[in-house]
Engineer: 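The following block contains the structure, expressed as structure tokens.
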2 protein chains.
Amino acid sequence: AAAEVEKECMFDKVVTPSDTGKLNRLVIPKQHAEKYFPLDASSNDNGLLLDFEDSAGKPWRFRYSYWNSSQSYVMTKGWSRFVKETRLEAGDIVSFKRGVGEAARGRFFIDWRRRRGPDVVLPPPHHRGFNLLSVGSDGFACPDVNLLPILILMIRCRALFFLEIITLVLWAVWNTRNDVIFTGISPSLLMQAKV
Amino acid sequence: AAAEVEKECMFDKVVTPSDTGKLNRLVIPKQHAEKYFPLDASSNDNGLLLDFEDSAGKPWRFRYSYWNSSQSYVMTKGWSRFVKETRLEAGDIVSFKRGVGEAARGRFFIDWRRRRGPDVVLPPPHHRGFNLLSVGSDGFACPDVNLLPILILMIRCRALFFLEIITLVLWAVWNTRNDVIFTGISPSLLMQAKV
DNA sequence: GTTGCTACCTGAGCG
DNA sequence: CCGCTCAGGTAGCAA
């Protein structure tokens, strides 16, 4: 039934970790929200209930509203169930469509597909310390050829090594000055300190 | 203007690391909150917006409310901006005052000053991975004698060292498989890969 | 106590 | 540099 009516794609979204996580909401990019799901002042300011069908004809109902504080449009109630039952994961693509033609005009459809490519986690930009893998424009993962992160990692390693040494020295010096009871590591440094 | 009206101090608070950190809130000690910023049932249960002026006459607006879950009074919205713009740090002192006399009664003022004493960072307890310095009961810094953190640091260093090696190996292997253009480091590995 | 949901809030990134 | 967007949060409540 649902598979046979004529539809047109409104927009796709590559879902983020937040969209599939415990926040229980899907952010609808503002441009698409305002184009396809307008919230007039006349519509209830508590948001709307929107009905969708998936490709198997299964109905899904989401609460759709606007968050003033973040100035964003979201699907809330009903969304977490969708994530769970379709086992949606970050990086997967959700596709919003609407019916065209007399039989389906005004009906909404929702569909989803696995992300292409191997199982790659896309950390948020500010958490990207270093990546061994990146995602190319073709949607497939590839090793990150940007070598800067590797260099940074190496430098960090060296820095930590020095920190380790410095810590031990500081500790030894402190023991020397305060003549505290020896508590168990680095006997050689201690001996040296006590001379 | 603000500097010339008569004020009286309500209370000072030595701000904690949480007050200046990512929690974006200032806890108001309950005794002072209930005395000076009462939240009646009649007042909006969403909290209040309180306006303050600093000694330069600059206005600051904070959302002030009660958190049931922690049974504490807090300044939320607006507080993080205050922290940033005044470069407030843990240990600094924030002073809440109110106007007295006909010209200023009912107006609130806020002021801040640097902590006295040495430059000591007080990390929140659950972030204390390792400290080279602790703060003694006299308020002065002293080396931390807890050695566990040092051991953890050493282990971390070793782990990172292995990561570094693994990264280089992976990179070399990838170069081998894809025969990409050499981009600039580790000529020896590259040569090996190209053979 | 745990989960789902509403309504807030902020910072990073980007144009 | 400024303003917008939105990913990632929090508090509080209800079931």
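Worth knowing before you read on, the calculation uses all heavy atoms, side chains too, and leaves out hydrogens, waters and symmetry mates. Lettering of chains follows the sequences in order, A, B, ..., and the numbering in each one begins at 1.
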Engineer: In whole angstroms, how far is the P atom of C:dC14 from the CD atom of A:Q31?
Structural biologist: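 Taking atom P of C:dC14 as the reference, CD of A:Q31 is at 16 Å.
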
Engineer: State which of D:dT5, D:dC13, D:dG9 makes the closest approach to the side chain of A:W67.
Structural biologist: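 Between D:dT5, D:dC13, D:dG9, the one nearest the side chain of A:W67 would be D:dG9.
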
Engineer: Any side-chain N or O of B:S65 below 4.0 angstrom from OP1/OP2 of D:dA11?
Structural biologist: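 Checking B:S65 against D:dA11: no side-chain N or O falls below 4.0 Å of OP1 or OP2.
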
Engineer: How about B:Y73 and B:F37: are their ring centroids closer than 6.0 Å?
Structural biologist: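 Aromatic pair excluded; centres sit 6.0 Å or further apart.
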
Engineer: For B:S69 and D:dG12, is the shortest distance between a side-chain N/O and OP1 or OP2 below 4.0 Å?
Structural biologist: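 It does, given that an N or O in the side chain of B:S69 lies less than 4.0 Å from OP1 or OP2 of D:dG12.
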
Engineer: Output yes when at least one side-chain N/O atom of A:S80 is less than 4.0 Å from OP1 or OP2 of C:dC5, else no.
Structural biologist: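 Answer yes for this pair, as a side-chain N or O of A:S80 is under 4.0 Å from OP1 or OP2.
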
Engineer: Please report the distance, rounded to the nearest Å, between CD in A:Q71 and C1' in C:dA7.
Structural biologist: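 Atom-to-atom, A:Q71 to C:dA7, this comes out as 14 Å.
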
Engineer: Indicate, with a heavy-atom threshold strictly under 4.0 Å, whether A:S18 touches base, sugar-phosphate, or nothing.
Structural biologist: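 The residue A:S18 makes base contact.
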
Engineer: If I take atom NZ in residue A:K77 and atom P in nucleotide D:dA15, what distance separates them, rounded to the nearest angstrom?
Structural biologist: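 From A:K77 NZ to D:dA15 P: 11 Å.
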
Engineer: Measure CG/A:N24 against C1'/C:dG4 and give the value in whole Å, please.
Structural biologist: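 Interatomic distance, CG of A:N24 to C1' of C:dG4: 6 Å.
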
Engineer: Does C:dC9 have its OP1 or OP2 closer than 4.0 Å to a side-chain nitrogen or oxygen of B:R81?
Structural biologist: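 For C:dC9, OP1/OP2 do not have a side-chain N/O of B:R81 under 4.0 Å.
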
Engineer: Given C:dT6, is OP1 or OP2 found less than 4.0 Å from the side-chain N or O atoms of A:T76?
Structural biologist: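 So the side chain of A:T76 is within the cut-off, an N or O lying under 4.0 Å from OP1 or OP2 of C:dT6.
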
Engineer: Establish whether the base of D:dG9 is bridged to the side chain of A:R25 by a donor-acceptor pair shorter than 3.5 Å.
Structural biologist: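 Absent.
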
Engineer: For A:S72 and A:W79, find the nucleotide of DNA chain C closest to each by heavy atoms; which residue's nucleotide sits nearer the 5' end?
Structural biologist: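 Taking each residue's closest nucleotide, the earlier one in sequence belongs to A:W79.
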
Engineer: Please confirm whether the shortest side-chain N or O distance from B:R63 to OP1 or OP2 of C:dC9 is below 4.0 Å.
Structural biologist: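 Answer is yes, contact under 4.0 Å.
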
Engineer: Which residues pass the ring-ring contact (aromatic ring centres under 6.0 Å, His included) test with B:F96, sequence neighbours left out?
Structural biologist: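 Partners of B:F96 by the ring-ring contact (aromatic ring centres under 6.0 Å, His included) criterion, ordered by chain and then number, come out as B:F11, B:F52.
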
Engineer: Does a side-chain N or O of A:K22 approach OP1 or OP2 of D:dT10 to a distance below 4.0 Å, or not?
Structural biologist: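 Checking A:K22 against D:dT10: no side-chain N or O falls below 4.0 Å of OP1 or OP2.
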
Engineer: Ignoring backbone atoms, establish whether B:N68 has a side-chain N or O less than 4.0 Å from OP1 or OP2 of D:dC13.
Structural biologist: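 Yes, B:N68 has a side-chain N/O under 4.0 Å of OP1/OP2 on D:dC13.
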
